[in-house]
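Right, one structure below, let's go through it.
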Amino acid sequence: MPENAPRSSPVIVITGTPGTGKTTLAQLLAEQSPVPLQHINVSDLVKEKGLHDGFDEEWQSYAVDEDKVVDELEPLASAGGLILDWHTCDVFPERWVDLVVVLQCNHTQLWNRLEARGYPLKKIQENNEAEIMNVILEEAREAYAEEIVVVLQSESTEDLESNVSRIVQWIEAWQKNQGGADADS
């Protein structure tokens with residue numbers, strides 16, 4: 001596919017501090033989307049494909065090789081139809097991305113979610129501080145055009161349902177803007 005050829009489905013990045021509900025939202029969105037979207041949990045991809053430089057015992061996480069991640073995803077992203085679910089977003093080239101959804105959560109609730117996952121205290125503290133300081137939101141705003149970055153609260157089932165609905169509406173509008181909507185819709 002030529003680099004500037006129109007895509008029939010968007011690339012959506014769902015990002016946020018660990019524990020904000022990215023994967024749950026991405027899975028539901030993939031199921032309810034009006035266009036086919038493949039959900040890629042980038043953390044899982046890193047492990048499955050060895051896109052890292054080893055495991056960091058102190059932080060209990062992989063040292064990701066971002067160049068390998070981009071190389072792995074490039075052919076898929078250029079075709080469109082992806083939901084990229086990851087705790088960071090600025091590694092993805094701007095040309096790939098149609099929408100960036102930054103999920104946010106009350107820091108006390110986030111702490112409880114990470115504790116329930118068995119995260120070490122140091123990792124809980126770092127992630128909680130990142131949430132309080134809006135680190136991921138700032139990364140998104142620095143890396144992408146303002147009009148494609150959306151902040152959504154992710155604290156309840158109602159938030160989850162509302163977020164899926166809002167993104168589905170965005171996809172429908174995106175399709176119409178691309179000229180990809182069915183004539184009878």
Side-chain angles (χ1 to χ4, degrees), residues 1 3-46 48-49 51 64 66 68-105 130-131 134-182 185:
M1 168 180 271
E3 190 170 314
N4 293 330
R7 296 176 295 183
S8 60
S9 299
V11 173
I12 299 170
V13 174
I14 298 179
T15 191
T17 306
T20 54
K22 297 175 298 295
T23 300
T24 302
L25 176 62
Q27 290 169 338
L28 285 173
L29 181 59
E31 292 169 10
Q32 296 180 30
S33 172
V35 297
L37 294 175
Q38 178 186 0
H39 169 215
I40 297 177
N41 180 317
V42 178
S43 294
D44 290 347
L45 183 75
V46 165
E48 291 164 9
K49 301 279 187 167
L51 309 176
V64 176
E66 293 178 352
K68 287 181 182 176
V69 170
V70 170
D71 290 346
E72 182 72 27
L73 291 172
E74 179 80 48
L76 298 172
S78 64
L82 294 181
I83 301 169
L84 298 172
D85 156 12
W86 206 20
H87 63 272
T88 190
C89 62
D90 57 355
V91 64
F92 306 123
E94 192 172 7
R95 70 181 181 279
W96 289 6
V97 181
D98 298 295
L99 178 67
V100 179
V101 176
V102 180
L103 295 181
Q104 294 190 320
C105 178
E131 184 68 9
N134 289 316
V135 170
I136 295 171
L137 176 58
E138 291 307 314
E139 286 177 359
R141 287 180 171 159
E142 289 174 13
Y144 303 101
E146 181 180 340
E147 62 270 11
I148 72 166
V149 177
V150 176
V151 181
L152 299 176
Q153 285 304 115
S154 182
E155 298 175 359
S156 65
T157 302
E158 292 78 18
D159 287 344
L160 180 62
E161 292 168 358
S162 172
N163 293 344
V164 170
S165 176
R166 285 183 66 179
I167 300 168
V168 164
Q169 289 173 1
W170 177 89
I171 293 168
E172 291 166 347
W174 182 90
Q175 271 189 294
K176 288 178 183 157
N177 289 339
Q178 299 299 309
D182 293 333
S185 54

For [X] and [Y], work out which heavy atoms get closest and say how close.
X: A30; Y: I83; value: N-CD1, 3.7 Å
X: I167; Y: L25; value: CD1-CD2, 4.0 Å
X: V149; Y: A140; value: CG2-O, 3.7 Å
X: V11; Y: G80; value: CG2-CA, 3.8 Å
X: S43; Y: H87; value: OG-ND1, 4.1 Å
X: P10; Y: V35; value: CD-CG2, 4.0 Å

Less than 4.5 Å apart, any side-chain heavy atom of [X] and any of [Y]?
X: V101; Y: W170; result: no
X: N134; Y: Q104; result: yes
X: V64; Y: T88; result: no
X: L29; Y: I171; result: yes
X: L73; Y: L45; result: yes
X: I136; Y: T20; result: no
X: V69; Y: K49; result: no

Atom [atom1] in [X], atom [atom2] in [Y]: separation rounded to 0.5 Å?
X: E158; Y: Q153; atom1: CD; atom2: CD; result: 13.5 Å
X: Q32; Y: L37; atom1: CD; atom2: CG; result: 12.0 Å
X: R7; Y: L82; atom1: CZ; atom2: CG; result: 8.5 Å
X: L99; Y: W174; atom1: CG; atom2: CH2; result: 11.0 Å
X: K176; Y: E172; atom1: NZ; atom2: CD; result: 6.5 Å
X: Q178; Y: S9; atom1: CD; atom2: OG; result: 10.0 Å

Does the side-chain contact (heavy atoms from CB on, under 4.5 Å) test come out yes or no for W96 and V70, once each step is laid out?
CA-CA 10 Å; W96 289 6; V70 170; 3.9 Å; yes
Main-chain N/O of [Y] paired to [X] side chain as donor or acceptor, under 3.5 Å:
X: T15; Y: W86; answer: yes
X: S165; Y: E161; answer: no
X: S156; Y: D159; answer: yes
X: K22; Y: L84; answer: no

Establish, from distance only, whether the side-chain atoms of D85 and Q27 form a donor-acceptor pair under 3.5 Å.
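Not at all, the side chains of D85 and Q27 share no donor-acceptor pair under 3.5 Å.
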